[in-house]
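Some notes on the structure that comes next.
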Amino acid sequence: MLDQRLLRDNPELIRQQLARRGLELDPNLQGKVRQVRDLEEQRSNLQAEGNRIGREVGQRIRAGAQADGQELASLREEGNQIKSQVAKLEEQEKELEAELRKQLEVLPNLPSAHSPEGRSEADNVNVKTWGEPRRGPRADGSPLEEHWQIAERLGLVDTERSVRIAQSRFITLLGQGARLERALINFMLDRHSAAGYGEVMPPILVNTASLTGSGQLPKFAEESFKCAEDDLWLTPTAEVPLTSLHRSEVLAAEQLPLRYTAYTPCFRREAGSYGRDTRGLIRLHQFNKVELYWFCHPDQSDAAHEQLTRDAEGVLEALELPYRRIELCCGDLGFSAARTYDLEVWLAGAGAYREISSCSTCADFQARRSDIRFRDGKKTKLVHTLNGSGLAIGRTMAALLEHGQQDDGSVRLPAVLKPYFGGDRLLAEL
RNA sequence: GGAGAGGUGGCCGAGUGGUCGAAGGCGCAGCACUGGAAAUGCUGUAUAGGGGCAACUUUAUCGAGGGUUCGAAUCCCUCCCUCUCCGCCA
């Protein structure tokens, strides 16, 4: 959420920054903020007067006056009048404030000064490329297979039965496939833990306050699955429970940065993506992900963003998967993000780079929504929060399959996975 | 699911209608004492918003929301949460 004080004092700045995302600032908003402030002032002045009367009545009673006597009748009357006036102002104030909040909650974060200008994906900036993309065809002239072909052929997944169990866009992993998924989760968690991230296994049903705190609600309700009978939703990313891990807390400055890693399943409706990526592991309603998350001092957040991104890249490098780092332009930034690097892994069979991680700094946007502060001398300040995938497991498996496919039909796995998977190859005949 | 108990400041805990934003203790910070420390003593120690250069001042907040009252942590209603016992369950 944006800073109301900033909106009051410097609406022009907000207008300019939102414009970089291609959004217009409602010109009424500033007036509304001021109106709420004025009502607040009137109301609190009246309340001060009411409190004074209350105190005076108390004093007179202690001095011997009759509580319900004639002497205090006029004071009681005055108190009653103030009370009804306050009630009226309060009603207006509440209404206006609710309106204001509704408008503010759907405004996205302001882009960072570093974020490049641009309207869409096409304006994103390629920051770096790592590794040599593998390209077909094979020695025998046939093209490289796509991961879903390999997965079906090796019996790693069962697509049809997954529909029977749930519906389309759900996958069942079998045998070596299930084992590889588990190996990847463990490998990533171990790696991040060793780098100093605290391991967390949070609830994956989260309440409305948690989703609002990290920015998924109220604007993106249609993207999440909701439990009908409860105030609980299936988390779309571990970012949600991790943000709320410290919701409404005041952290000690010495604790910062707090760094966490969490494996969770993630659930997304993928509304509006019908027909896209219908095969394989790329776009599912349920997928596994290992997340990285930082709570840090505002002064540290740029360096933290680079470090977090490096930690995610480190996983790709350890897995020997070629990738590139893309910096999102203002127009392509997610709702809560001020600045984002997407990591795109090379899918050798598809012959394209695909997003496998998104590393964002949200500055104080989520911290303000979630009320997460730290003690800064006498005062408290909002922390900065950062999140990134490290990595999406299904897409990692897809990349490994396409990258490691061999002419004999097997798939060679990177050496680091051997202790986790128990082998360095997915075999064709099992 | 059934029965009961309870939600007060960083923590413990007192407080059943009137200077209560809240006694006392612990913790923490500063000062004194000490060669240094412990112990001891003194002082200070919630958050958010408004006004003010500041000292300061004002409003709100004792789980949440309503109500009674001139006045509510304290009385009434609704909801949420936590704990204990029983049942069920991986």
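Keep in mind that the numbers below use all heavy atoms, side chains included, and drop hydrogens, waters and symmetry copies. Per chain, numbering begins at 1; letters A, B, ... match sequence-line order.
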Looking only at side-chain N and O atoms, does [X] come under 4.0 Å of OP1 or OP2 in [N]?
{"X": "Thr380(A)", "N": "A48(B)", "value": "yes"}
{"X": "Lys381(A)", "N": "U47(B)", "value": "no"}
{"X": "Arg5(A)", "N": "G49(B)", "value": "yes"}

- Task: Indicate whether any N or O donor in one side chain lies under 3.5 Å from an N or O acceptor in the other, for Arg375(A) and Thr380(A).
- Result: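 Arg375(A) vs Thr380(A): no donor-acceptor pair found between side chains.
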
- Item | Side chains of Asp311(A) and Tyr197(A), donor plus acceptor under 3.5 Å |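 Per modelled atom types, Asp311(A) and Tyr197(A) side chains form a pair under 3.5 Å.
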
- Task: Could you encode protein contacts along nucleotides 55-60 of chain B as a string, one character per nucleotide from 5' to 3', using B for base contact, S for sugar-phosphate-only contact and - for no contact, with a heavy-atom cut-off of under 4.0 Å?
- Result: ---SSS

Is [N] paired to anything, Watson-Crick or G-U wobble with both distances less than 3.5 Å, and if yes, which nucleotide?
{"N": "G6(B)", "answer": "C81(B)"}
{"N": "G1(B)", "answer": "C86(B)"}
{"N": "A54(B)", "answer": "none"}

Counting only side-chain heavy atoms from C-beta out, which of [options] sits nearest to [X]?
{"X": "Asn80(A)", "options": "C70(B), G66(B), U19(B)", "result": "C70(B)"}
{"X": "Arg373(A)", "options": "G49(B), G65(B), U47(B)", "result": "U47(B)"}
{"X": "Arg37(A)", "options": "G18(B), G51(B), U47(B)", "result": "G51(B)"}
{"X": "Val57(A)", "options": "U69(B), U47(B), G18(B)", "result": "G18(B)"}

- Message: Give me each pair satisfying side chain to side chain donor-acceptor pair (under 3.5 Å) with a member in residues 329-338 of chain A, each pair once, sequence neighbours excluded.
- Response: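 Checked against side chain to side chain donor-acceptor pair (under 3.5 Å) - neighbours excluded - the pairs reaching residues 329-338 of chain A are Asn124(A)-Asp332(A).
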
- How long is the line joining CZ of Arg368(A) and C1' of G49(B), in whole Å?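 Taking atom C1' of G49(B) as the reference, CZ of Arg368(A) is at 15 Å.
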
- Query: Can you tell me how far P of U19(B) sits from CD1 of Ile53(A), to the nearest Å?
  - Reply: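 Result: 17 Å.
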
- So, Arg5(A) and Asp9(A), do they make that salt bridge, N to O below 4.0 Å?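 Judged by the 4.0 Å cut-off on N to carboxylate O distance, Arg5(A) and Asp9(A) do not form a salt bridge.
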
Donor-acceptor contacts, no H, no angles, side chain residues 209-221 of chain A, under 3.5 Å, sequence neighbours left out:
from	atom 1	to	atom 2	distance (Å)
Ser210(A)	OG	Asn207(A)	OD1	3.0
Ser210(A)	OG	Ser244(A)	OG	3.1
Ser210(A)	OG	Arg247(A)	NH2	3.0
Thr212(A)	OG1	Thr208(A)	O	2.8
Ser214(A)	OG	Ser210(A)	O	3.2
Ser214(A)	OG	Gln216(A)	OE1	2.6

- Query: Which residue, Gly50(A) or Glu41(A), contacts RNA chain B at a nucleotide closer to its 5' end, judged by nearest heavy atom?
  - Reply: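 First, find each residue's nearest nucleotide; the 5'-ward one identifies Glu41(A).
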
